[in-house]
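Protein chains get the first letters and strands the later ones, always in sequence-line order, with residue 1 at the start of each. Values below: every heavy atom of this structure, side chains too, minus hydrogens, waters and symmetry copies.
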Amino acid sequence: VLPEPQNKQGATKNDEWIAVRIAQACEQQLLVTKVVSESIEQLLTGELSEKPASAGRLAAIAKKLIADMSRPKIDTAQ
Amino acid sequence: VRIKTIELEWFRGAADRIALDPDCKSLVIYGANGSGKSSFVDGFEYLMHKGKIGHLSHEYSGRHQEKAIPNTHKPADVTTGVRIRFKDDSKLEAKINEDGSFTTLESHSAAVATWDYRRTILRQDEVSSFIHDTKGNKYSALLSLLGLGRMEVAAENLRQLAKSIENEANLQRKRITLRQIAETRKTVFGMQSDDEIFNTIERLHTCYCADNPATKDTLSRCIELEAAVDARMAQSSAEQRRHFIIQTLAELDLKAQISAVRAYSLRLASEAEPLVTEKLDVLLRAVPFVDKLEDTKKVNCPACGRSIPAAEFRAHIAAERERLQEIINIFNDRKAALGLLCNTVNTLKNNLGKPELKSWRDGVAMGDLARNLAYADGSNAETLRASCNEGDLIGLEDNLLAVVAAVADASRDVPPDARALSTAKRTTEAARGLLKANNQAVALQQADALIALINSLEQGARDEIRRRSQAVIDDISSDIQRMWEILHPGEAIEGVSLYLSGNIDKAIDIRLKFYGVEQDSPRLTLSEGYRNSLGLCIFLALAKQDAESDRPLFLDDVVVSLDRNHRGMIQDLLVKEFDARQVIVLTHDREWYAELRQQLDAKHWGFKVLLPWESPAIGIRWSHNTTTFDDARAHVASRPDSAGNDARKIMDVELALIGERLRMRLPYLRGDKNDKRLAHEFLERLIADGKTSFKKRKEMGADYLEHGDAITAWENADRLLSSWANRASHSFNLVGPEAIKLIDACESALEFFKCSACGKNVWFAETGKSFQCGCGQIRWK
């Protein structure tokens with residue numbers, strides 16, 4: 001993977017938007033559990049931003065997120 | 001990063017090893033057409049693109065461009081190669097094999113392969129390519145500058161993840177199952193509410209499961225109730241079991257289910273068939289218009305020919321998507337109805353085959369039902385599920401409805417207790433299905449919420465990309481505008497900027513104001529020369545974004561279509577904006593080269609001249625001079641008149657520039673003649689003024705003397721130009737020795753402006769009303 005080019009403004013600050021958007025999106029989707037929102041944030045700051053994920057990997061992530069959504073909702077984000 | 005040398009060996013126009021050695025400075029290279037200038041740029045691109053040169057990518061160049069890269073007359077025992085040395089003495093080198101494959105030797109600190117061609121090299125035929133490119137390609141050209149690679153990857157991964165969740169959660173199948181359960185509920189419970197249904201279960205539980213009064217949750221009640229009913233049925237007599245079966249079959253709503261499947265099939269046919277026809281027609285007509293969406297804000301409707309705003313066109317597409325989604329919903333409804341019908345056919349077949357019904361079957365088989373019962377026995381629910389057409393539905397109606405009617409007839413004899421037990425079983429099964437559906441509905445809602453979250457994040461990523469793109473684009477636009485103003489001061493073309501195009505993702509275009517009127521594209525009003533000028537500004541603005549990396553730039557013959565006035569501004573642009581960068585300028589424009597040589601600071605800039613190319617075996621050669629008189633010398637043998645004429649043209653240009661630098665005063669001439677002075681006019685003035693103004697310092701001391709040698713050289717050049725050069729121009733009657741003498745005289749005349757001690761021109765430094773070289777050895781006052 002080539003190094004991320006830097007623009008004139010300096011650091012790319014690529015990941016700051018993720019937490020903000022997840023918080024906003026969770027306000028609209030009350031069924032989304034905290035464990036799911038945390039998993040997605042971790043994925044987005046990591047592997048999902050690094051390279052295109054394979055179909056197999058995406059299927060595995062999907063399965064885990066579905067399973068996490070059906071956990072007892074004692075840890076809801078809101 | 002600075003280039004010290006680029007060496008070529010039997011590479012493109014080069015024969016034996018030849019080096020371009022800017023020695024980490026910027027460099028202007030003059031060479032006539034075909035002299036081999038671009039071979040050095042090709043060499044750099046070859047290493048940058050790991051063995052590929054963009055303009056050689058065509059069907060004739062071979063798989064590895066082996067037919068285009070080596071010199072056509074390369075001897076068998078030598079190697080084709082290219083090598084770059086950098087400021088830190090690191091190097092990058094490629095040895096090219098006969099088949100075009102190559103081996104690289106590298107010890108270089110600069111990762112040249114990661115450099116963006118579109119911000120490093122600009123060639124003559126690429127100057128306006130950015131302007132003419134599609135919006136998508138413009139976006140791609142800027143993508144790495146935007147620094148949004150991670151976000152682009154994230155957005156695409158999120159899009160694919162939403163699809164994976166849809167697949168992994170089996171959402172389509174769950175939706176169909178829920179529709180089936182809803183239909184069964186309607187049949188069994190009518191309009192009863194959940195509470196009413198649960199009360200019914202509670203009542204039945206009290207009746208059949210009196211031993212388990214403590215069970216409170218409805219699902220457990222259903223399970224216990226089902227077991228109790230089954231146990232009672234198992235304990236009953238064969239006669240009673242026959243009643244149960246008949247009652248079960250009598251309650252099958254086969255007619256309604258066939259009608260439902262038929263209704264959905266008809267709806268699908270009425271919606272889907274014309275839609276598919278229409279879509280095909282529209283798609284075929286729309287293909288030629290798709291590209292136009294890239295370039296204009298309006299498209300002509302393929303159906304009526306009217307101009308439609310692109311926004312409306314997009315809204316239409318959105319509406320069509322909704323319509324297609326509705327059809328998918330109908331497909332799902334039909335699948336659900338068909339599922340229920342298949343279950344019923346299966347139930348009918350299985351129950352009709354039970355031994356308890358044998359006596360009833362034997363009785364009715366004596367009559368007309370024999371064929372219908374045989375049809376029921378031969379039915380296959382799975383085949384029906386996979387493919388059910390109108391013929392199958394008619395077959396079911398003709399055969400099975402009669403069987404169900406006969407069973408319903410027989411059910412009149414079912415005793416009340418057996419009827420109640422059968423109803424209890426049906427109710428319990430339906431209620432259990434309902435509870436299962438509730439769980440499925442929750443799973444569906446969760447999956448939908450998850451997908452909505454992922455979609456929202458994808459949209460968030462795309463919004464963020466757009467926001468950040470705009471910030472970088474504004475920055476680049478400001479550079480473009482500033483550079484444009486340097487090249488076109490005071491002109492009524494302003495507000496040149498890049499912009500993200502409408503609602504289309506990944507699309508960028510250029511706009512400007514032409515005499516105060518907003519233009520969505522430079523192609524609407526700008527001439528080719530202006531477009532090239534703008535293309536140059538865009539390239540330089542993009543390249544400027546790499547300021548921190550300090551990479552070299554190559555400008556290969558980029559001023560061809562610019563007129564003298566605008567071309568003359570380029571050195572201002574280079575000095576103001578790229579003073580700290582290494583710029584390699586290649587040109588075949590002798591006049592511009594002379595201007596650059598006179599005006600650019602020799603501290604930062606070098607100047608080199610290529611000799612005209614003679615043959616593949618001789619290859620590229622450097623001139624020993626920085627003037628362009630070797631161009632003239634190259635013609636002496638074959639066309640001495642042309643050589644003499646060239647010498648005169650060089651003197652016209654060089655002396656005009658010198659006259660400007662020394663602020664010589666010439667009498668005003670009316671019309672164009674004032675701007676088109678000839679060498680003789682400048683020499684005449686130089687000789688007259690030089691006797692008092694041009695001085696040379698005495699070898700010992702601070703006094704200055706008249707520079708007699710210079711005056712003599714100018715007089716000699718003026719005399720030969722008047723006699724021989726004019727003859728060369730007008731009568732083509734000049735012989736070789738005369739041409740050589742003329743060229744030497746002209747070259748010698750110009751050499752006196754340069755100090756032999758410090759190497760600087762006499763106009764290097766200005767002090768009050770006088771000019772002098774760097775060391776003060778020569779002076780013009």
When rounded to the nearest 0.5 angstrom, what is the spacing between CG in A:Leu44 and CD in B:Glu458?
11.0 Å

B:Leu450 and side-chain contact (heavy atoms from CB on, under 4.5 Å): which partner among A:Thr33, A:Ile66, A:Leu31?
A:Ile66

Tell me, out of B:Ile165, B:Ile454, B:Asp116, who's got the most heavy-atom pairs with chain A below 4.5 Å.
B:Ile165

Heavy-atom distances under 4.5 Å only: say whether B:Glu152 touches chain A with side chain, backbone, both or neither.
neither

Where does A:Ile40 contact chain B at under 4.5 Å (heavy atoms): side chain, backbone, both or neither?
side chain

One option among B:Val442, B:Asp448, B:Leu158 has the most heavy-atom pairs under 4.5 Å with chain A, and it is B:Leu158

Check against side chain to side chain contact (heavy atoms under 4.5 Å, CB included), A:Cys26 and B:Leu453
CA-CA 7 Å; A:Cys26 285; B:Leu453 177 84; 4.0 Å; yes

Given that the side chain runs from C-beta out, which part of B:Ala155 has a heavy atom under 4.5 Å from chain A: side chain, backbone, both or neither?
neither

Please step through side chain to side chain contact (heavy atoms under 4.5 Å, CB included) for the pair B:Leu457 and A:Ile18, ending with a clear verdict.
CA-CA 8 Å; B:Leu457 289 176; A:Ile18 295 172; 5.9 Å; no

Is chain A contacted by the side chain of B:Glu156, its backbone, both, or neither, given a heavy-atom distance below 4.5 Å?
neither

At a 4.5 Å cut-off on heavy atoms, which part of B:Ala169 comes close to chain A: side chain, backbone, both, or neither?
both

Spatial distance of atom CD (B:Gln446) from atom CG (A:Asp68) [nearest 0.5 Å]:
10.5 Å

Heavy-atom nearest pair, B:Gln160 first then A:Leu58, reads CB-CD1, 3.3 Å

Assess whether side chain to side chain contact (heavy atoms under 4.5 Å, CB included) is satisfied between B:Asp463 and A:Arg21, documenting all intermediate values.
CA-CA 10 Å; B:Asp463 290 346; A:Arg21 290 302 294 223; 3.7 Å; yes

So does B:Lys436 have more than 12 non-hydrogen atoms from other groups sitting under 6.0 Å from NZ?
no

Closest non-hydrogen atom pair between A:Met69 and B:Ala449, with its separation
CE-CB, 4.2 Å

Side chain from CB out, backbone as N, CA, C, O: work out which of these in A:Thr45 comes under 4.5 Å of a heavy atom of chain B, or both, or neither.
backbone

Counting heavy atoms not belonging to B:Lys52, are there more than 12 under 6.0 Å from its NZ?
yes

To the nearest 0.5 Å, what is the distance between CZ on A:Arg57 and OG on B:Ser164?
11.0 Å

Under 3.5 Å, is there a donor-acceptor pair between the side chain of B:Asn157 and the main chain of A:Ser49?
no

A quick test of your reading: do over 12 heavy atoms of other residues, nucleotides or ligands sit less than 6.0 Å from CD of A:Gln42?
no

Measure distances from B:Asn167 to the heavy atoms of chain A and classify the residue's part below 4.5 Å as side chain, backbone, both or neither.
neither

Scanning both residues in full, the closest heavy-atom pair of B:Glu168 with A:Ala62 reads CG-CB, 3.9 Å

